[in-house]
Amino acid sequence: MKETTAALPGEFIARLQQLVPPAWLPTVEAAFREPRITAFRVNTLKVDRDTVQAALRAEGIQPRSVAWYADAFWVPPEDRALLLQSRPYRQQWIYVQDLSSMLPPLVLAPKPGSRVLDLCAAPGSKTVQLACLMQGQGEIAAVEVVRTRFYRLRANVQAQGAPNVRLFLQDGTRVGRYRPEYFDYVLVDAPCSSEGRFHLSNPETFAYWSLRKIREMARKQYRLLVSAVQSLRPGGVLVYATCTMAPEENEAVLTRLLHTFGDILAVEPIPLSLPNQLPGLARWNGRSFHPDLRHARRILPTTEMEGFFLCRLRKRAS
Ligand SMILES: C[S@@+](CC[C@H](N)C(=O)[O-])C[C@H]1O[C@@H](n2cnc3c(N)ncnc32)[C@H](O)[C@@H]1O
């Protein structure tokens, strides 16, 4: 890890102490300071996990398995460089992706042959994971609004050989109007303040953090979420995810959606079985959130996983 004299913003630390249960604070603080593991996912569109494990072992790398995802593995920080030079990595047999970032596609669980919308898609980690889960069958519409990020998404999808992805350089807030009630599954992996990814070895990760940015993100997230819900067919499932702990970008955005459109669009949070994770907040800073957000999950950052927030919603069948 690089030597650093960087410090997290004081205002962020003060909020963290209010947000994180005291028993979790040392773990969360270690996550900002200490080296993290490197997790990766097998690209099952190209190869199976036994082949990957054998190829890595042949190069002296011992992949560790993940109890809740058979196609996910990890290596300790000291093996990261070796992993990134290995043949499986160079041949796109594996994709380096944080373990918590693998959860949104897993809990969305799209069936092969279904219609899926990935509304905030670049650089495409989850787009390709969705294609793997669907065994390359069905239709994935991957939408990205930033041109340079769209090109990265396109390169990634092509390199990893996902056959069932259509790419759209487009503003996701408009998809709901163009494609109302079309998709069986929608993933909103929203742009956010990224607090769950902060690390002192990389001041870039927190250089732009501010309460103003959080408020700006929350407005963007709300518009994306409304569009996503509009594009979901009755009976369909949506996952809203962020890599931040900020309640303004998580429970508050969903509470606004549920109070404004919960009845009109017939959408409701449904339980998520992610053991050992914290439920959505009931209140924050004197504000109460929608009671059904107890079904959401807050994943606090650790040296194994970045921080994440996840909520699964269903649109009631008419
Ligand atoms: C958290 S990142 C997505 C990461 C991606 N899902 C992955 O797993 O690789 C959020 C993305 O949403 C994009 N974005 C922001 N506003 C958008 C909008 N209005 N429509 C579509 N994409 C948007 C950002 O440019 C960024 O690439």
Side-chain angles (χ1 to χ4, degrees), residues 39-41 43 69 71-72 92 94-108 110 116-134 140-160 162 165-179 183 185-198 204-206 208-209 213-231 238-246 249-250 253 299 301 305-311:
F40 59 93
R41 183 172 52 68
N43 179 1
Y69 194 4
D71 289 324
Q92 316 277 344
I94 60 172
Y95 187 86
V96 170
Q97 184 175 347
D98 192 83
L99 287 177
S100 52
S101 152
M102 298 181 199
L103 285 170
L106 272 186
V107 302
L108 188 64
V116 178
L117 171 64
D118 184 0
L119 195 62
C120 304
S125 325
K126 298 181 191 68
T127 312
V128 178
Q129 190 188 350
L130 289 166
C132 290
L133 293 169
M134 294 163 72
I140 301 174
V143 176
E144 171 59 48
V145 76
V146 178
R147 186 172 290 273
T148 47
R149 292 183 62 87
F150 175 83
Y151 293 145
R152 270 185 73 196
L153 166 70
R154 187 171 65 186
N156 229 338
V157 166
Q158 281 168 358
Q160 292 184 65
V165 179
R166 292 183 64 202
L167 301 163
F168 298 89
L169 174 58
Q170 197 176 316
D171 181 353
T173 62
R174 302 164 74 149
V175 174
R177 262 174 285 150
Y178 293 143
R179 278 271 183 231
F183 294 99
Y185 300 92
V186 178
L187 176 62
V188 186
D189 186 31
C192 69
S193 58
S194 303
E195 293 175 350
R197 311 187 68 189
F198 287 1
E204 268 288 296
T205 56
F206 52 86
Y208 306 107
W209 183 91
K213 166 120 192 244
I214 286 177
R215 285 193 290 270
E216 178 197 321
M217 285 294 157
R219 286 192 290 274
K220 208 180 256 194
Q221 288 151 352
Y222 179 72
R223 291 200 305 273
L224 284 162
L225 194 51
V226 170
S227 169
V229 172
Q230 286 169 335
S231 73
L238 182 151
V239 168
Y240 176 76
T242 72
C243 60
T244 190
M245 289 172 275
E249 300 179 61
N250 295 324
V253 170
I299 298 165
M305 285 171 109
E306 290 173 350
F308 240 81
F309 174 90
L310 286 162
C311 185

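Just the heavy atoms: all of them, side chains too, but no hydrogens, waters or symmetry mates, feed the values below. As the structure lists them, so they are numbered: ligands from 1, and atoms in each ligand from 1.
- Of the heavy atoms in Cys192, none comes closer than 4.0 Å to ligand 1.
- Close approach of ligand 1 to Leu224 (heavy-atom distance below 4.0 Å) involves ligand atoms 18 (C), 19 (N), 20 (N).
- In summary, the atoms of ligand 1 found under 4.0 Å from a heavy atom of Ala190, numbered by their order in the structure, are 1 (C).
- Atom CG of Asp98 and atom CD of Glu306 lie 3.5 Å apart (nearest 0.5 Å).
- Polar contact with ligand 1: present for Gly124 (N/O pair, distance under 3.5 Å).
- The N/O atoms of Cys120, backbone and side chain alike, include one that comes under 3.5 Å of an N/O atom in ligand 1.
- Closest to atom 6 (N) of ligand 1 among all protein heavy atoms lies Asp189 OD2, 2.7 Å.
- Contacts of Leu187 with ligand 1, taken as heavy-atom pairs under 4.0 Å, are absent altogether.
- Closest to atom 20 (N) of ligand 1 among all protein heavy atoms lies Gly172 N, 2.8 Å.
- Of all protein heavy atoms, the one lying nearest to atom 8 (O) of ligand 1 is Lys126 NZ, 2.9 Å.
- Heavy-atom proximity to Leu119, at under 4.0 Å, picks out these atoms of ligand 1: 21 (C), 22 (N).
- Where the criterion is an N or O separation shorter than 3.5 Å, residue side chain and backbone included, Lys220 fails it with respect to ligand 1.
- Of all protein heavy atoms, the one closest to atom 4 (C) of ligand 1 is Ala122 O, 3.0 Å.
- Atom CD of Glu144 sits about 7.0 Å away from atom CG of Leu153, to the nearest 0.5 Å.
- Among all protein heavy atoms, the one lying closest to atom 19 (N) of ligand 1 is Asp171 OD1, 2.9 Å.
- Of the options Ser101, Pro301, Cys243, a side chain to side chain contact (heavy atoms under 4.5 Å, CB included) to Arg197 is made by Cys243 and by none of the others.
- Which of Val145, Thr148, Val143 comes nearest to atom 14 (N) of ligand 1 through a heavy atom is settled by distance: it is Val145.
- Atom CG of Leu133 sits about 12.5 Å away from atom NZ of Lys126, to the nearest 0.5 Å.
- The shortest side-chain heavy-atom distance between Tyr240 and Gln221 falls under the 4.5 Å cut-off.
- In this structure, Leu130 CG and Leu106 CG are separated by 9.5 Å, a value rounded to the nearest 0.5 Å.
- Under 4.0 angstrom from ligand 1, the non-hydrogen atoms of Ala121 all belong to its backbone.
- Here the CE atom belonging to Met134 is positioned 9.5 Å from the CG atom belonging to Leu108, to the nearest 0.5 angstrom.
- In this structure, the protein non-hydrogen atom closest to atom 26 (C) of ligand 1 is Arg149 NE, 3.4 Å.
- With respect to atom 24 (C) of ligand 1, the closest heavy atom belonging to the protein is Glu144 OE2, 3.5 Å.
- Between the OH atom of Tyr185 and the CG atom of Leu117 there is a distance of 14.0 Å, given to the nearest 0.5 Å.
- Near Pro191, with a cut-off below 4.0 Å to any heavy atom, the atoms of ligand 1 are 10 (C), 12 (O), 15 (C), 16 (N).
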